[in-house]
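Notes for the one structure printed next.
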2 protein chains.
Amino acid sequence: MKVLSNASIYGLRALIYVASQKNEKEYVSIREMSESMDISFHFLTKILQTLTKNGILYSSRGPHGGVALTRPPGQVFMVEIVKILEGEDYFDTCFLGHPDCGIAAPCPMHDFWINVKSVFLDRFEKTSLEELSAKIKEGKLRL
Amino acid sequence: MKVLSNASIYGLRALIYVASQKNEKEYVSIREMSESMDISFHFLTKILQTLTKNGILYSSRGPHGGVALTRPPGQVFMVEIVKILEGEDYFDTCFLGHPDCGIAAPCPMHDFWINVKSVFLDRFEKTSLEELSAKIKEGKLRL
DNA sequence: TTGGTTTAAGACAATTTAGTCCCAAAAGAA
DNA sequence: TTCTTTTGGGACTAAATTGTCTTAAACCAA
Ligand code: SF4
Ligand code: SF4
């Protein structure tokens, strides 16, 4: 079972990496992240570019360049990242892939699906990069 | 958000279609199903072939041929279909795509993810084709 | 200013998923 | 038998996702 594309997963992991940095103001090198997390450098670069375009990250070229968060990790929530990388309609899907249905006479999976989606949305809305990076900072989890 | 591939969705819908048939013993034509549900005939055929190979369906060629359930709809559960069409390891995934991790120092999403997967597994284990086809039989839901 | 470093951008290739097509094989009817 | 209908099986194409590569642009330091 997979609910996020590789692009979203890599983007999320990189943001957690950045958020877990000691010095919040310093740029983090994409090369360093890609090697540390064993993700293709160019692929990760492309993903982070869209996060930069969408205002999640600052970026700077040249020596000591890289990317940095535009906001404190406690103010960046998963839901925003997922909507940027997966699409704005991420939570507007039907379990069976129907374009529209279910209002009048929903199928037996409808209530389940609506509920699952709201659980995901709720969790994504409440989980910040700060929370996600907490255990990394303590050195308790690899990324 | 998508948790099932198109192949699984089409396979499930076709099984629901078969299960909602009045005469349980009669073969249902794949052509009829593909046209009624607006699914590619050849694609659906291929999917139903793997379900036949895996003992979910009988099949017969020629006039009045088609597919039929090997068991009563009340004895066929979603979990079996999903594991056949998505792979046996469908429920053995990590939220962040790691091959192994989390036992010692799980990430903040681990508990959430484990819980979500068990909710899915539980529901898939308890939902039979009979339940899924109930509303169709009443004519209350399109497929 | 010159050269090295690093992100930006976009073309390109590989892989996976989705879908199409053709022909063989089986079943039924004439 | 012979013809038609319908599934079986595999090759093929299309599209989406994933990943690679090359060059340009920005930044820094000597
Ligand atoms: S009723 Fe079922 S098929 Fe219709 S939108 Fe809800 S989940 Fe999808
Ligand atoms: S701890 Fe997090 S990253 Fe590790 S297996 Fe669990 S969900 Fe995946």
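Each chain gets a letter, A, B and so on, in the order its sequence line appears, and its residues count up from 1.
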Rounded to 10 degrees, the angle between the two terminal axes of the helix from dT1(C)-dA30(D) to dA30(C)-dT1(D), each from five pairs | 10°
How would you list, by chain and number, every residue that makes a side chain to side chain donor-acceptor pair (under 3.5 Å) with Asp122(A), sequence neighbours excluded?
-> Lys126(A)
Using a cut-off of less than 4.0 Å, is there contact between a side-chain N or O of Thr45(B) and OP1 or OP2 of dT6(D)?
-> no
Would you please classify the geometry between the Phe91(A) ring and the Phe124(A) ring as parallel, tilted or perpendicular, with 30° and 60° separating the classes?
-> perpendicular
For Ser5(B) and Glu86(B), run side-chain hydrogen bond (donor to acceptor under 3.5 Å, both in side chains): C-alpha distance rounded to whole Å, both residues' side-chain angles, the deciding distance at 0.1 Å, then the answer.
-> CA-CA 7 Å; Ser5(B) 67; Glu86(B) 296 281 337; 2.9 Å; yes
What pairs meet the salt bridge (Lys or Arg N to Asp or Glu O under 4.0 Å) rule with one or both residues in residues 59-82 of chain B, with sequence neighbours excluded?
-> Arg71(B)-Glu80(B)
Is the shortest heavy-atom distance from the side chain of Phe95(B) to the side chain of His110(B) under 4.5 Å?
-> no
Quickly work out the Met33(B) CE to dT6(D) P distance and round it to whole Å.
-> 13 Å
Between Ser59(A) and Val67(A), the two heavy atoms sitting closest are CB-CG1, 4.1 Å
Spacing between Leu51(B) atom CG and dG8(D) atom P, to the nearest angstrom | 11 Å
Start with the C-alpha gap between Met33(B) and Val18(B), add the side-chain angles, then the distance that decides, and say whether side-chain contact (heavy atoms from CB on, under 4.5 Å) holds.
-> CA-CA 9 Å; Met33(B) 283 194 279; Val18(B) 173; 3.8 Å; yes
NA contact type, Phe41(A), heavy-atom cut-off 4.0 Å: base, sugar-phosphate, or nothing?
-> base
For chain B, the stretch of DNA chain C it reaches, first to last nucleotide, under 4.0 Å of its heavy atoms = dA18(C) to dG28(C)
Show me the protein contacts with nucleotides 16-19 of chain D, counting only N or O atoms at under 3.5 Å.
residue: dT18(D); atom: OP1; partner: Asn6(A); partner atom: N; Å: 3.2
residue: dG19(D); atom: OP2; partner: Tyr10(A); partner atom: OH; Å: 3.4
residue: dG19(D); atom: O6; partner: Lys46(A); partner atom: NZ; Å: 3.1

Does some side-chain heavy atom of Leu96(A) sit less than 4.5 Å from a side-chain heavy atom of Met109(A)?
-> no
Would you say the side-chain atoms of Thr52(B) pair up with the backbone N or O of Leu48(B), donor to acceptor, closer than 3.5 Å?
-> yes
Parallel, tilted or perpendicular: which describes the rings of Tyr10(A) and Phe43(A), with under 30° parallel and over 60° perpendicular?
-> perpendicular
When rounded to whole Å, the CG to P distance for the pair Asn54(B) and dG8(D) reads 13 Å
Salt bridge between Glu125(A) and Lys83(A), side-chain N to carboxylate O under 4.0 Å?
-> no
Please check if the side chain of Ser60(A) supplies one atom and the backbone of Gly66(A) the other of a donor-acceptor pair under 3.5 Å.
-> no
In B/S/- notation (B base, S sugar-phosphate only, - none; protein heavy atoms under 4.0 Å), nucleotides 22-30 of chain D written 5' to 3' is B--BBBS--
Working for ring-ring contact (aromatic ring centres under 6.0 Å, His included), residues Tyr58(A) and Tyr27(A) = CA-CA 8 Å; Tyr58(A) 292 127; Tyr27(A) 288 112; 7.5 Å; no
